Amino acid sequence: MYRDKQLYVAHCPSGPLHLIGKMASRHGLIAGATGTGKTVTLQVLAETFSQAGVPCFMADMKGDLSGISQAGRLSGFIEKRSAEFGLDTATLAFEGCPVRLFDVYGRKGHPMRTTVQMMGAMLLSRLLDLNDTQSGVLSLTFRIAEDEQLPLVDMKDLRLMLDYVAKNAERYATMYGNISSSTIGAIQRSLLRLADEGGEQFFGEPSFDIYDLMQTEGGRGVMNILAADELMLRPKLYSTFLMWLLTSIYEKMPEVGEVELPRMVFFFDEAHMLFKDTSRALKDKIEQIVRLIRSKGVGIYFITQSPSDLPEAILGQCGNRVQHALRAFTPKDQAAVKAAAETFRPNPAFSTEREILELGTGEALVSLLDEKGAPSMVERAKILFPLSQIGAITDEQRAELISSSRLAGKYDEAVDRESAFEKILKQREAEAAEAEREKAAEAEAEEREREAKETKSRRSSGTKKGVLATVLGTAVTYFAKTLATQMARKITGGTIRTTTKKKTTKRKR
């Protein structure tokens with residue numbers, strides 16, 4: 001509840017507990033066992049931020065948080081709590097918050113997509129569960145795609161890019177190092193598994209603009225709710241998606257320093273998933289973002305069962321803490337309770353460790369940062385009730401929220417522009433066409449050479465035939481004349497030559 005410019009979130013025996021606005025971006029933790037009231041606490045905090053004009057993002061695991069879009073109503077429980085808190089029920093303004101619904105799969109809200117290139121090799125390696133060698137080859141593939149201006153937009157781009165790198169491995173070996181075809185094959189199989197899980201729908205365009213999360217309506221911060229009931233069945237996709245979103249916010253938002261109220265608050269439910277099976281490099285990246293993002297005016301609130309679910313470096317950044325009850329059925333549980341108690345500034349009025357075990361539903365141990373940024377002494381308190389509806393909305397209400405949203409139509413239809421897939425195919429088609437042209441030119445050259453040889457052969461053969469014909473013709477003529485002379489002699493009895501002589505002699509006389 002936002003009143004008198006204060007974020008009123010809980011009430012203890014000594015009075016109201018307020019979250020100081022300029023300390024809200026110092027991050028926070030909401031912890032407790034299942035069924036102890038963590039979801040309602042999250043809703044109260046988000047609703048209070050909305051009333052103060054601060055937009056929020058949260059994942060809705062069971063559909064319960066969608067009720068923040070509808071007005072609540074007075075109940076016996078609220079009347080009882082109002083009396084305990086000194087509130088007049090007549091002054092309570094039950095109303096919903098402006099809400100936008102999102103869904104990675106596009107069924108229960110506006111689709112949220114990003115490109116493969118924007119996701120980056122590090123987060124994608126985690127999503128695909130790659131080992132160090134495979135992660136290295138994937139990073140190399142991203143580098144080659146960037147160097148050769150082949151945009152990686154969706155999964156088909158990445159699959160063909162991997163094939164392209166494998167087929168040109170020798171060309172890249174001297175510049176980027178050896179590329180094993182077996183490693184490429186392992187990455188391709190991981191991509192197929194991701195496709196079978198529906199992860200392909202997360203990659204594409206139009207990619208999501210994180211500034212669409214930082215909107216207000218009527219002076220109230222918009223509550224951006226991600227439908228995560230289906231996404232939760234794929235823990236690695238869920239945590240990687242939220243990590244991408246947080247990274248995008250960190251990289252794109254400008255520095256603002258310390259502000260009176262956060263520019264945005266990010267609630268990370270089931271936060272333990274973010275750190276499970278995470279590489280050291282990625283953990284370092286997360287710690288860096290959590291440490292520095294508050295200078296961008298963004299507060300992160302982790303929701304999990306036990307504080308021990310978070311690395312110490314992350315836990316140390318969470319100045320505002322709400323600890324609901326924990327159960328200690330095993331020695332490990334008892335150790336977790338003790339560790340949780342030690343994270344609070346002790347209150348001499350009670351034992352923190354014992355109180356954690358005795359808290360009822362809706363009760364919590366609360367420690368918030370004071371004006372100087374120091375944690376206040378822990379108090380046993382009752383969390384304020386929300387003024388919006390507790391529980392899920394109907395399908396009709398959900399459809400109405402989606403259709404009336406300012407984002408309606410902006411992300412609904414996927415766009416498949418020219419990217420690595422199309423460019424590589426065009427390149428291969430051009431190479432194939434060039435190869436065909438070269439082959440045709442070679443065939444034509446061979447045909448010309450063959451024809452030239454045949455022509456030369458014919459000419460050579462014709463000359464030989466002409467000489468032979470002349471020789472033969474002369475020989476035949478000579479032979480014919482000789483034969484004719486001989487035949488004439490035989491007929492005349494050899495007198496031809498004598499007669500000729502006598503005629504010549506007589507002419508001389």
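What you are looking at is a predicted structure, and each value in this text was computed from that prediction instead of being measured.
Annotation: salt bridge (charged side-chain N to carboxylate O under 4.0 Å, His left out) contacts of Arg126 (sequence neighbours excluded): none. Every side chain to side chain contact (heavy atoms under 4.5 Å, CB included) that Leu425 has, sequence neighbours left out, goes to Leu160, Phe421.
Here the side chain of Ser376 pairs a donor or acceptor atom with the backbone of Leu368 at under 3.5 angstrom. Without hydrogens or angle criteria, Ser306 side chain to Asp309 main chain gives no donor-acceptor distance under 3.5 Å. Without hydrogens or angle criteria, Arg100 side chain to Asp212 main chain gives a donor-acceptor distance under 3.5 Å. Using a distance-only test at 3.5 Å, with no hydrogens or angles considered, no donor-acceptor pair links the side chain of Glu353 to the main chain of Lys338. A distance-only check finds no donor-acceptor pair linking the side chain of Gln70 to the backbone of Ile393 [under 3.5 Å]. The main-chain N or O of Arg159 is found under 3.5 Å from a side-chain atom of Gln188 such that the two form a donor-acceptor pair. Proximity of a side-chain donor or acceptor of Thr343 to a complementary backbone N or O of Ala340 within less than 3.5 Å is detected. Judged by distance alone, with hydrogens and angles left aside, the side-chain atoms of Arg263 form no donor-acceptor pair with the main-chain N or O of Gly297 at under 3.5 Å. No donor-acceptor distance shorter than 3.5 angstrom exists from the side chain of Asp60 to the backbone of Ile225, with no hydrogens or angles considered. Using a distance-only test at 3.5 Å, with no hydrogens or angles considered, no donor-acceptor pair links the side chain of Asp229 to the main chain of Gly63.
The residues Arg417 and Glu422 are annotated as not salt-bridged, no charged nitrogen and carboxylate oxygen being separated by less than 4.0 angstrom. A salt bridge links Glu444 to Arg448: one of the charged nitrogens lies within less than 4.0 Å of a carboxylate oxygen. Using a cutoff of 4.0 Å between basic side-chain nitrogens and carboxylate oxygens, Glu95 and Arg220 are scored as salt-bridged. Glu449 has a carboxylate O that lies under 4.0 Å from a charged side-chain N of Lys453, or vice versa, which qualifies the two as a salt bridge. With respect to Arg428 and Asp163, a salt bridge is recorded, a charged nitrogen being found less than 4.0 Å from a carboxylate O. With respect to the salt-bridge test (charged N to carboxylate O, under 4.0 angstrom), the residues Glu447 and Arg450 qualify. A salt bridge links Lys156 and Asp154; the closest N-O separation between the charged side-chain nitrogens and carboxylate oxygens is under 4.0 Å.
Between Trp244 and Phe241, the ring planes are tilted. Angles from 30° to 60° get that label.
Atom CD of Glu217 is separated from atom OG of Ser50 by 9.5 Å, given to the nearest 0.5 angstrom. Leu194 CG to Asp129 CG: the interatomic distance, rounded to the nearest 0.5 Å, is 11.5 Å. Here the CD1-CD distance, from Ile20 to Glu260, works out to 10.5 Å after rounding to the nearest 0.5 Å. Leu359 CG to Leu326 CG: the interatomic distance, rounded to the nearest 0.5 Å, is 8.5 Å. The CZ atom of Phe268 lies 10.5 Å from the CD1 atom of Ile314; values are rounded to the nearest 0.5 Å.
Dense packing is recorded around NZ of Lys410, with more than 12 heavy atoms of other residues, nucleotides or ligands lying under 6.0 Å away. Crowding of Gln149 atom CD: a count of heavy atoms from other residues, nucleotides or ligands under 6.0 Å not exceeding 12. Counting heavy-atom neighbours within 6.0 Å of Asp284 CG, excluding the residue itself, gives a total above 12. Counted within 6.0 Å of CD on Glu413, heavy atoms from surrounding residues, nucleotides or ligands total 12 or fewer; the atom is thus considered open. The environment of Lys332 atom NZ is sparse: at most 12 non-hydrogen atoms of other residues, nucleotides or ligands sit within 6.0 angstrom.
Residue pairs satisfying the ring pair (Phe, Tyr, Trp, His ring centres under 6.0 Å) criterion with at least one member in residues 270-316, sequence neighbours excluded, are listed as follows: Phe267-Tyr301.
Residues Ile210 and Met253 meet the side-chain proximity criterion, which asks for heavy atoms closer than 4.5 Å. Side-chain atoms of Leu65 and Thr39, non-hydrogen and from C-beta on, do get closer than 4.5 Å to each other. Residues Met118 and Ser207 form a side-chain contact, since some pair of their non-hydrogen atoms from C-beta on lies under 4.5 Å apart.
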Gln134/Ser125 under side chain to side chain donor-acceptor pair (under 3.5 Å): CA gap, chis, key distance, verdict | CA-CA 8 Å; Gln134 294 160 356; Ser125 293; over 6 Å; no
Test salt bridge (Lys or Arg N to Asp or Glu O under 4.0 Å) on Lys38 and Glu270 and set out the steps.
-> CA-CA 11 Å; Lys38 296 193 301 296; Glu270 300 295 338; over 6 Å; no
His110 vs Asp412, side-chain contact (heavy atoms from CB on, under 4.5 Å): CA-CA, chis, key distance, verdict | CA-CA 7 Å; His110 305 297; Asp412 295 348; 4.2 Å; yes
Go through the steps for Glu230 and Lys108 under the test salt bridge (Lys or Arg N to Asp or Glu O under 4.0 Å), then give the verdict.
-> CA-CA 10 Å; Glu230 188 175 351; Lys108 296 183 178 180; over 6 Å; no
Walk me through it: do Tyr238 and Met61 pass the test side-chain contact (heavy atoms from CB on, under 4.5 Å)?
-> CA-CA 11 Å; Tyr238 165 74; Met61 302 301 178; 2.8 Å; yes
Begin with the C-alpha distance, continue with both residues' side-chain angles, and end with the deciding distance and a verdict on side-chain contact (heavy atoms from CB on, under 4.5 Å) for Leu246 and Phe57.
-> CA-CA 10 Å; Leu246 196 59; Phe57 179 89; over 6 Å; no
Please assess Asp132 against Ser135 for the test side chain to side chain donor-acceptor pair (under 3.5 Å), listing each intermediate value before the final yes or no.
-> CA-CA 5 Å; Asp132 290 343; Ser135 298; 5.3 Å; no
Could you walk me through whether Ile300 and Gln317 pass side-chain contact (heavy atoms from CB on, under 4.5 Å), step by step?
-> CA-CA 10 Å; Ile300 304 172; Gln317 299 293 318; over 6 Å; no
Determine, step by step, whether Asp147 and Tyr176 satisfy the side chain to side chain donor-acceptor pair (under 3.5 Å) criterion, reporting the C-alpha distance in whole Å, the side-chain angles of both residues, the deciding distance to 0.1 Å, and the verdict.
-> CA-CA 12 Å; Asp147 290 347; Tyr176 301 101; 2.6 Å; yes
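Closest non-hydrogen pair, Asp209 versus Tyr411, comes out as N-OH, 3.2 Å. In terms of heavy atoms, Val337 sits closest to Ala328 at CG2-CB, 4.2 Å.
Of the listed residues (Ile30, Leu384, Val9), just one forms a side chain to side chain contact (heavy atoms under 4.5 Å, CB included) with Thr41, and that residue is Ile30.
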